[in-house]
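Just so you know, ligand 1 is whichever comes first in the structure, and atom 1 is the first atom listed for that ligand. This chain uses plain numbering: 1 for the first residue, then up along the sequence. Predicted, not measured: the structure shown is a model, and the values here were computed from it. What you see below is based on every heavy atom in this structure, not just the backbone, and it leaves out hydrogens, waters and symmetry mates.
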Amino acid sequence: MIPVELDGRPVVLVRHAGEFFAVQNNCSHKDFPLSEAGFDPRDEVLVCAWHGGCFDIRTGAAVVLPAVEPVETFPVRVSADGWVEIGLTGSLAR
Ligand code: FES
């Protein structure tokens with residue numbers, strides 16, 4: 001997991017099973033950076049290191065309490081020359 005910043009927006013980039021996922025890098029519970037979270041590859045969730053709230057890396061949905069609000073996710077693609085590109089249009093705006 002790699003923390004990045006896009007136009008001032010903190011994002012964590014996750015590589016899993018040959019795919020990339022970009023997720024808001026602030027837990028929706030108490031704002032802890034999710035780039036410091038654990039990752040459960042079986043359930044494909046980020047596990048917040050502070051209180052254990054979990055977020056689906058595909059949808060951003062909060063799936064384990066105490067987190068109840070989703071985190072934003074962003075579209076990701078890999079360019080022909082190997083650059084990972086993250087879109088600024090978030091899942092919550094769709
Ligand atoms: S800050 Fe992430 S679960 Fe509380």
(message) With clusters defined by side-chain heavy atoms of hydrophobic residues (ILVMFWY) lying less than 4.5 Å apart, directly or transitively, does Leu65 cluster with Phe55?
(response) no
(message) Who clusters with Val47? Use side-chain heavy atoms, under 4.5 angstrom, across I, L, V, M, F, W and Y, and order the result by chain and number.
(response) Val45, Val63, Val64
Donor-acceptor pairs are to be reported for all side-chain atoms of residues 15-22 against protein atoms at under 3.5 Å, with residues two or more places apart or in another chain.
| residue | atom | partner | partner atom | Å |
| --- | --- | --- | --- | --- |
| His16 | NE2 | Glu44 | OE2 | 3.0 |
| Glu19 | OE2 | Arg58 | NH2 | 3.2 |

(message) Could you enumerate the protein N, O or S atoms under 2.8 Å from atom 4 (Fe) of ligand 1, written like residue then atom name?
(response) His29 ND1, His51 ND1
(request) Would you name the heavy atoms of Met1 and Ser35 that are closest together and state the gap between them? (result) CE-O, 4.1 Å
(request) May I ask you to test the Val12-Ile2 pair for a side-chain heavy-atom distance under 4.5 Å? (result) no
(message) Tell me every residue that passes side chain to side chain contact (heavy atoms under 4.5 Å, CB included) with Asp31, counting only those two or more places apart in sequence or in another chain.
(response) Asn26
